[in-house]
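In the text below, chain A, chain B and the rest are named by the order of the sequence lines, each starting its count at 1. Remember, predicted model here, so these are calculated numbers, not experimental data.
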Amino acid sequence: MSTHSISKGCFVFKPPSKKRRVRQETASNSTERKNDSEDTELRFASCQSLWAQIKLETEKIQENLNKQLLDNLVSFLRRSHSEFQEKTTEWSCQMKSREIPTAALVLGVNVTDHDMTFKSLSEVLQDDITPYVALLEAKDCPGIKNLMQKLMGQLMNCCIDIDEDSFEDDSHVQVSQNKIRCSMTSLINWYKSVMKKTDSETTRKKRNSSSRHWQSPPVVVIFKDMESFTTKVLQDFIVISSHHIHELPLALIFGIATSPMIIHSLLPHSVSSLLCIELFQSLSCKEHLSTIIDKLLLTAWCPFKLGEKVLKVLINIFLYHDFSVQNFIKGFQLCIVEHFYSQPLSVLCCELVDAKKRVNTLSHNQCENIRRLPSFRRYVESQVSENQIALLTSDSFLKEVTQKLLEDLQLYHENYVSVLRCLHVFTSSLPKYPLGKQIRELHCACLENQVWETEEYESSLQLARMLNKSDLVTMLQQCVEIFVSSSGKEFDKTVEKLKEFLTQFQELEAEAFEEDVSVSSEKELQKKTDLYHLQKTLLELKESRRSKKLTKFEMLRFEVVDYIDSLVRNYLVPADHKTLYEVVYFNTASVLRGHLNAAPRTALHTALNNPYCYLKNQALKSDGGSISNKAPDICIAYKLHLECGRLINLVDWLECPF
Amino acid sequence: MPNLEHPAYPAATLLHLESLVPCRESQVSLLLSIFGERQQFSLPSIFIYGHTSSGKTYVMQTLLNTLQLPHVFVNCVEYFSSRLLLEEILIQLQSYSSKIEQSSHVPCDSLNDFVGLFKQVVASQELQDQTLYIVLDRAEQLREMEANILPAFLRLQELTDRNVTVVLLSEIVWELFRPSIGCFEPFTLYFPDYSIGHLQKILSQNHPPEYSADFYAAYINILLGVFYMVCRDLKELQHLAVLNFSKYCEPVVRGEANERDTRKLWKNIEPHLKKAMQTVYLREISSSQWESFQRGSGEPGQLKGLSAHTHVELPYYSKFLLIAAYLASYNPVRTDKRFFLKHHGKIRKTNFMKKQEKTSNHLLGPKPFPLDRLLAILYSIVDNRVPPTANIFSQVMRTFTQVLPKSWVSENSWEVRTAE
């Protein structure tokens, strides 16, 4: 809460009630204004359902990506203690010092994503291996005592969860008792008692649930952020638990953000020699992002699209700041919400079938909104005059046209994705990657403007004209696969054409073999000439090469590249050239930047320099540089300070009331 | 070698004891003579020290167990607070004889309570006519507890007026224990490191049943030849011996060599052990991975140690933040203007040459620096303009808490060691 005085003092504010009322008023105002005509509720509902769908999809993607890692971990934990249980009598097992099985889980620097991974990890563990999983965080464990407390609390709770009905009061007593003594011995006693219980249970009832976990399941302790734990706590815990590893089958999981070497820098050799460390590496977050973009943005199923600027903002935040896929998805969610909130026509941003139905029920107001869209105006101008009049006057005709246009837009998206992937196949293997290595860069370039007019595209085409045959053939095969699997129906001809190219290449191979023979015999002749003649012939050869006709292969290569170029020109038109693109594209990057990448210093500066910007008081409106005398004291003080800061002692100023 | 002799115990038991504690006979016999007979009062406190795995804990345990002396064995790391420690001693004492009143848990908050309770417990049992031994392993932890714990344990006999001896085991010398106010001086006993001969003797004692003792001893000899230079830890050596023994036996199992063919066996095992020294011993790869590698006997390329994964992917600005922090912590403030400003004016060469630093800044270690300086350097080293957004500020905190130990990051200043 700001005051108009810059001096210290007590101020009484009673704003909350007023503020809330104001907000309610504006809210109700807006609903009143828009509710009748602009389908607010419908928009809200479709936003919700779309987000739910996307959330489901991203979770599925994440699950798939983590599957390999989790499987490896599970099998490691399963192996870790079973060996000792099976052959305790063997000589080697008796003699070997028993180490604590430890999984070093390298997750990358994107800490915000880790929660999700750990959540699914502990779920998987609880399903497959052991009910006893404890998750420790560094901020909860400043000392070994807190660590033990936390650990025991979590373990004993999870025990209660399992047999809640029969042993509730029993375990309750245990917990309260152990609150006083949190030591490893009491933990071991608890473990033994639990084992006994489950043993007797299985023999008595032959429960199905307990057969999932095998006899004496390990106790898994997960250290979420290994780097932040203090060295002493970790060391003590490891030393203590290694004393009791025979009684309590413990397994550790270290969540590591940087590199596994941190284990050695945190733990001395005497402690790390108590561990049996195996390394597990999660997928790099960049690959994760590419998958998300691939499955979420470059698909036809998702009706909502990101504009070029917005996408760049999101990707930049990812690459420059946090590497966090979670934050990327959150940003995506924000875009969806903003789009559905600010664009009245976003009601049409849904599945094509639904959209067509919704077009029919549009109000007159909404029709006017459509007419106001810049892309639609461009479309109208391109029509013949009768059509123009009809579009601008008759709502029903407009609706008809809108349906057709939406269909076109959908088709465009389907084709766009396939052709983009095809182009990516070509550009991603060129030297120096003029159009970017990742498909997302290519996507951005295509969204930005007509890609075929850029220099990068020109140079990549030139490079493509120098590709060798084997590369070209494999690329063409990949393209064929992409087109065959795509949903667009227009590509039958393209596939045929590409296949034709492929067969031509094969034919060439046979011919080339014959040619080779003749060329080599020619060369042999040349070898026997003297130096002068050699020079002469070489010069001639050079001449002839300059004017030489292209070989068949080169001709064909040109043809292929030209064909790809024509595909690009046909299908990779930037989205803002399409009519009605505003309905599905969100492109107000400034809003997003304000929300996600706020600049506190800049905001303060504007507030002090130009108070009108935030206070919206007409009296404060100033014209260029000068500040009106009605501005808050602090603004004037700031201004003066900027002008002659050396003469002002800020402390004195802020101390004395004036 | 002095044979153990003591009038109080039967000769057979002593002989058994001697076989259990090879190379520690002199220490054991000294301890035995200090302990005296069962009912005799012994020294109030004994302090035993020696390097890691010089058999302190093992000797005490076997001594007390084989002679069946009443004792309490507590690890001070495990019972980290004085309260836990005292309670644990009492619990072990309770369980010692009377099985009737089990699990009657008595809270014991201070040493005063402890002395009272201790008297009670001892009085209620048949321990009165025997010396009770309280062994505190890893006793260096006692120094971190309340100030009265250590002195009180040293003269527990006097405080409780019971026949009790406290044995402290530690890896550091007594001089580091002595509190400033002085205390009762315990009898100190040093356990020297095992020599290579001792190690050889102890390690070859437990040979696998399938092979002869000589065969195993030869193997141990080779093992020590490789590892003695880097590792004298008995436990670790034992572990390594077991891990690699199957490889040593390989030629014998395949029938390519017999048990006395030492040269052939050596040729087979030596490179393998050297590899083990670089990997398993350093915990670069785990012992279970090593075992499976032995069994599979191939694909050494697959075994990548922990240090093979040093590559860390960092966001763009994080990299520059680290560089900026490094520069800020090693460069003196006065050079900032010269390094990071475009128009810094001329430097007077003579002046600069005179003031050349005597020692390299790297030898002095990193210095703390304010956050503003870090950010200023960051803005100047990044090529394009860095918007001072909230993301950057949060990134600063995140990056440094991850890369550096927690204690180095304080509210307003950071220190950076030679990161990356």
Which atom pair, heavy atoms only, marks the closest approach of A:Pro600 to B:Ala390? CD-N, 3.5 Å
Which answer fits B:Phe245, side chain, backbone, both or neither, if we ask what part of it has an atom under 4.5 Å from a heavy atom of chain A? side chain
Validation row: B:Pro315, A:Tyr320 side chains within 4.5 angstrom (heavy atoms): no
Over 12 non-hydrogen atoms of neighbours within 6.0 angstrom of NE2 in A:His244: yes
Please rank B:Gln141, B:Arg138, B:His207 by heavy-atom pairs under 4.5 Å with chain A and give me the top one. B:His207
Just wondering, do B:Phe80 and A:Ile144 contact through their side chains at under 4.5 Å, heavy atoms? yes
Residue pair B:Glu236 / A:His269, side-chain donor-acceptor N/O under 3.5 Å: no
Relative to chain A, which segment of B:Pro208 carries a heavy atom at a distance below 4.5 Å: side chain, backbone, both, or neither? both
Check each atom of A:Gln281 against the heavy atoms of chain B and say whether the ones under 4.5 Å are side chain, backbone, both or neither. side chain
When only pairs under 4.5 Å are counted, which of B:Lys319, B:Glu210, B:Gln395 shares the most heavy-atom pairs with chain A? B:Gln395
B:Glu313 side chain reached by A:Val109 side chain, heavy atoms, under 4.5 Å: no
Scored by heavy-atom pairs under 4.5 Å with chain B, the best of A:Cys285, A:Ser259, A:Ala603, A:Gly108 is A:Ser259
Within a 6.0 Å radius of atom CG on B:Asn384, are there more than 12 heavy atoms belonging to other residues, nucleotides or ligands? yes
Nearest-0.5 Å distance, OG of residue A:Ser273 to CG of residue B:Asp233: 6.5 Å
Checking heavy atoms, do the side chain of B:Asn75, its backbone, both or neither come under 4.5 Å from chain A? side chain
One pair to check against side chain to side chain contact (heavy atoms under 4.5 Å, CB included): A:His321 and B:Thr389. What are the steps and the verdict? CA-CA 10 Å; A:His321 291 292; B:Thr389 57; 4.2 Å; yes
Applying a strict 4.5 Å limit to non-hydrogen atoms, the region of B:Leu243 in contact with chain A is side chain
Under 4.5 Å to a heavy atom of chain B? For A:Met226 that would be neither
Among A:Arg601, A:Met184, A:His243, A:His264, residue most engaged with chain B (heavy-atom pairs, under 4.5 Å): A:His264
Segment of A:Ile317 engaging chain B (4.5 angstrom heavy-atom cut-off): side chain
Approximate separation, where rounding is to 0.5 Å, of A:Thr185 OG1 and B:Gln92 CD: 8.5 Å
Taking side chain as everything from C-beta outward and backbone as N, CA, C, O, which of these in A:Leu319 sits under 4.5 Å from a heavy atom of chain B? Side chain, backbone, both or neither. backbone
If we define contacts as heavy-atom pairs under 4.5 Å, which of A:Arg593, A:Lys286, A:Glu278 has the most with chain B? A:Glu278
Let's go through A:Asp322 and B:Asn391 carefully: what are the C-alpha distance in whole Å and the side-chain angles of both, what is the deciding distance for side chain to side chain contact (heavy atoms under 4.5 Å, CB included) to 0.1 Å, and is it a yes or a no? CA-CA 8 Å; A:Asp322 55 9; B:Asn391 269 334; 5.5 Å; no
